[in-house]
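Report on one structure; see the data block that follows.
Chain naming here is simple, since letters A, B, ... match the order of the sequence lines and numbering starts at 1 in each.
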Amino acid sequence: VVSWNTLIGGYVAQEHICDALECFQQMQLQGLSPTVASWNVLIECCSLDGKTGKALELYAEMQHQSLLPDNITYLSVLKSCSNIAALEIGERIHAQIHGISENNLYLHTALIDMYGKCGSMQKAQEVFDQISVKDLCAWTALIAGYTQQGESKRALSLFDEMRDMGVQPDGVIFLSVLTACSHAGLVHKGLKYFENMSEVCGITPTIEHHSSMIDLLGRAGQLEVALDMIKRLPSKVD
RNA sequence: CUAGGUG
């Protein structure tokens, strides 16, 4: 069974979704019972493919066979929910999680992400507050949620709060932060964060960071500064 | 053998 799972995973990695599904059926035809991991790989694959309905279908089907979903199953299903902003389904799963498994940090982060993408920052904040040890990913999920809802100032103050607590930011969270600045037209803050990122935190800006900055500058009408940044791009990249 | 955050 383990090797079947590996095989399915291989198909998924090469984006041969149909082959993966076929493979899954064939293993059952041979009288082997898929493990939770088999289902997880499949569900994960459907949510990556944007086949959210199928993912939820598989999730229901696996429960129908009296297999217990594990944390990884919930993660994949929640990811599907965030993709289509399916708040009701997400809440249903949240309720299920409470009954069945001990919540871990990965799960909490996925919930925050899901609520954020569904526009329910109220609930996202609630989940966040219940976490005892918040790591960088949890912060990012929350901050990105506020950013996406247009609550830039909330996002930025959370970021400052996080740094006061001594959590080291990474390139991913800076992208959300820069996007928040861009959204709110906070040119100076954006420039400050951008500078701070490389000089204090030692993070090398990627193309994405530069795009974000150029977007910020462009929207604020600072076209010549934006142009200047574009000109300096190639030398910074290598 | 499978798992969370960014435009």
Side-chain angles (χ1 to χ4, degrees), chain A residues 1-13 20 23-24 27 32-48 55 58-59 62 67-83 90 93-94 97 101 103-117 124 127-128 131 133-150 152 155-156 158-159 162 167-184 190 193-194 197 203 205-216 218-219:
Chain A
V1 177
V2 171
S3 33
W4 280 94
N5 290 345
T6 311
L7 186 58
I8 295 175
Y11 280 130
V12 171
C23 195
F24 183 74
M27 98 185 253
L32 294 168
S33 334
T35 58
V36 184
S38 323
W39 287 92
N40 289 346
V41 175
L42 263 196
I43 293 174
E44 169 81 4
C45 128
C46 288
S47 56
L48 286 178
L58 287 166
Y59 172 64
M62 107 181 245
L67 272 169
L68 298 173
D70 63 3
N71 287 346
I72 301 179
T73 316
Y74 291 125
L75 276 181
S76 307
V77 173
L78 280 173
K79 205 193 303 181
S80 291
C81 293
S82 355
N83 283 339
I93 293 167
H94 188 177
I97 291 171
S101 82
N103 298 349
N104 73 355
L105 191 50
Y106 277 35
L107 230 31
H108 281 293
T109 306
L111 282 169
I112 294 168
D113 178 53
M114 180 259 138
Y115 280 127
K117 293 212 166 89
V127 175
F128 184 78
I131 306 177
V133 282
K134 306 155 168 69
D135 76 352
L136 183 57
C137 287
W139 281 101
T140 310
L142 187 68
I143 290 175
Y146 280 117
T147 300
Q148 196 181 314
Q149 300 309 308
S152 305
L156 294 178
L158 274 168
F159 181 67
M162 181 193 92
V167 180
Q168 279 290 33
D170 69 356
V172 172
I173 199 165
F174 266 111
L175 253 182
S176 286
V177 169
L178 292 178
T179 304
C181 293
S182 177
H183 218 109
Y193 282 128
F194 187 71
M197 174 173 86
I203 298 167
T206 64
I207 296 285
E208 286 83 4
H209 293 107
H210 284 103
S211 307
S212 205
M213 286 310 293
I214 290 163
D215 184 57
L216 168 61
R219 285 198 209 199

Grab the [atom1]-[atom2] distance between [X] and [N] for me, whole Å please.
X        : N    : atom1 : atom2 : answer
A/Leu58  : B/A3 : CG    : P     : 17 Å
A/Ile173 : B/G7 : CD1   : P     : 12 Å
A/Glu44  : B/C1 : CD    : C1'   : 14 Å
A/Asn83  : B/U6 : CG    : P     : 10 Å
A/Ile131 : B/G4 : CD1   : C1'   : 11 Å
A/Trp4   : B/C1 : CH2   : C1'   : 14 Å
A/Leu48  : B/G5 : CG    : P     : 10 Å
A/Leu158 : B/G5 : CG    : C1'   : 14 Å

Compare the minimum distances between each of [options] and the side chain of [X], then state the nucleotide with the smallest one.
X        : options          : result
A/Thr109 : B/G4, B/G7, B/U2 : B/G4
A/Thr179 : B/G4, B/G5, B/G7 : B/G7
A/Tyr106 : B/C1, B/U6, B/G4 : B/G4
A/Leu75  : B/G5, B/C1, B/A3 : B/A3
A/Leu136 : B/U2, B/G5, B/C1 : B/G5
A/Asp70  : B/G4, B/G5, B/U2 : B/U2

Any donor and acceptor pair, going by atom type alone, linking the side chain of [X] with main-chain N or O of [Y] inside 3.5 Å?
X        : Y        : answer
A/His94  : A/Leu111 : no
A/Asn40  : A/Ile43  : no
A/Ser212 : A/Glu208 : no

If you look at every strand shown and take non-hydrogen atoms under 4.0 Å, does [X] touch a base, only sugar-phosphate, or nothing?
X        : answer
A/Asp215 : nothing
A/Ala37  : base
A/Leu105 : base
A/Ser176 : sugar-phosphate

Legend entry - Where at least one partner belongs to residues 134-146 of chain A, residue pairs that pass salt bridge (charged side-chain N to carboxylate O under 4.0 Å, His left out), sequence neighbours excluded: none

Legend entry - Distance below 4.0 Å between A/Lys117 side-chain N/O and B/G4 OP1 or OP2: no

Inset, instruction - Please determine if a side-chain N or O atom of A/Lys79 lies less than 4.0 Å away from the OP1 or OP2 oxygen of B/A3. - result: no

Legend entry - Side-chain donor-acceptor pair present, A/Thr35, A/Ser38, cut-off under 3.5 Å: yes

Inset, instruction - Measure distances between side-chain N and O atoms of A/Asp135 and base N and O atoms of B/G5, and say whether any donor-acceptor pair falls under 3.5 Å. - result: no

Inset, instruction - Can you sort out the partners of A/His108 under side-chain hydrogen bond (donor to acceptor under 3.5 Å, both in side chains), two or more places apart, ordered by chain and number? - result: none

